[in-house]
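Only a predicted model underlies this, so the values are computations on that prediction, with no experimental measurement involved. Each ligand, and each atom within it, is numbered from 1 in the order the structure gives. Values below: every heavy atom of this structure, side chains too, minus hydrogens, waters and symmetry copies.
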Amino acid sequence: MVKESGSAIASPNIAFIKYWGNKNSELRLPSNGSLSMTLNGLETRTTVYLDPGLSSDSLIINGETAGPLPLQRVSGFLDILRQHFNQKDCAAIESNNNFPPGTGIASSASAFAALAAAYTRAIGEFPDNRELSILSRFGSGSASRSIHSGFVEWYAGEKSSESYAEQIAPPSHWNLVDLIIITGYAHKKVGSFAGHALADTSPLQHARVQNCRSRLDSCRTAILNRDFELLAEIAELDSNLMHAVMLTSSPPLIYWEPATILLMKSIRTWREEGLPVFYTIDAGPNVHCFTTEQEHESVLRKIKSLPSVQDVLISRPGEGIRYPD
Ligand code: PMV
């Protein structure tokens, strides 16, 4: 018999300054701070049912029983929450995404943010958003950012209590539009969880991390001043730096497909021609193309005229963690 339940909704986020690699993988302290925008219109809804009669955790994602690997990862995360809140009961979890999995949209960010929040509700705890951000981080680093609305910075920190995310500007601060270009739905072979462990095998990772503080400063300034040109330069540089590390890891991680490179080149050309556009790419082949509210329809037309574009999702700055009841 179910004892208690709790539900929460979270949205994914896209980083302008990327998290790649950990300085402490057990505590999930990232090698560098990062900065992101939470995405509206995309969401994960999760309900946690607690039952003293259960002998193990269970996980249903989009109506289907999850395989052993996702269940193992979620159970490991629940163990951390159980230990933190001094709880014992196993959990039955039901989670639904309104966006396709394996698209390079960071479903792990919304998944673990929603799970941490739903679990705390189920046990009758009400941690503040800083504590939720710290707890979500143990599931997926980028989940620490999805707790907050709008534009969000995650401080790397030197210990667990210092490694949390905070809002730097609300969604209404800047009406940027993210055109999320889907070039393929195939599941990636190496996910970010395994990818972080390879970051330090690249001779470029040290330089990327060393230089990150100044990129974070420029990116924060660009957002606070709504300086599109500066954000465009810094976000593309940061994305290219992360992919340079991926490409030079051992073994190398090549997430780009020919369509990805065509989009990168086209977007840069459109910017040279005067359109406000820039790209950023996560651990997958799909491209986030940022533009302004005024220009997004003409940019969308240009994108759709290119080959290999399967779909385009339109997103804007969105809300952080929320509760349906
Ligand atoms: O939170 P993770 O472990 O899924 O890592 C996220 C990694 C990137 O999406 C590539 C970059 C980022 O900062 O979101």
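- Contacts with ligand 1 closer than 4.0 Å are made by side-chain heavy atoms of Arg145 only, the backbone lying farther away.
- Proximity to Met242 (heavy-atom distance under 4.0 Å) selects the following atoms of ligand 1: 10 (C).
- Between Glu4 and Arg121, none of the side-chain N atoms (NZ, or NE/NH1/NH2) sits under 4.0 Å from a carboxylate O, so this pair counts as no salt bridge.
- Near Ser192, with a cut-off below 4.0 Å to any heavy atom, the atoms of ligand 1 are 2 (P), 3 (O), 4 (O), 5 (O).
- Under 4.0 angstrom from ligand 1, the non-hydrogen atoms of Arg28 all belong to its side chain.
- Using a 4.0 Å cut-off between charged side-chain N and carboxylate O, Glu233 and Arg271 make a salt bridge.
- Residue pairs meeting the ring-ring contact (aromatic ring centres under 6.0 Å, His included) criterion with at least one partner in residues 295-325, sequence neighbours excluded, do not occur; the list is empty.
- The contact set between ligand 1 and Ser108, taken as ligand atoms under 4.0 Å from a residue heavy atom, comprises 4 (O).
- Polar contact with ligand 1: absent for Ser34 (N/O pair, distance under 3.5 Å).
- Near Lys18, meaning under 4.0 Å from one of its heavy atoms, ligand 1 places the atoms 13 (O).
- Of the options Ile281, Asn286, Val287, a side-chain contact (heavy atoms from CB on, under 4.5 Å) to Leu263 is made by Val287 and by none of the others.
- In terms of polar-atom proximity, defined here as any N/O pair under 3.5 Å, Ser140 does make such a contact with ligand 1.
- A salt bridge does not link Asp311 with Lys304: every distance from a Lys NZ or Arg NE/NH1/NH2 to an Asp or Glu carboxylate oxygen is 4.0 Å or more.
- Between Lys18 and Asp238 there is no salt bridge, since no side-chain nitrogen of the basic residue lies less than 4.0 Å from a carboxylate oxygen of the acidic one.
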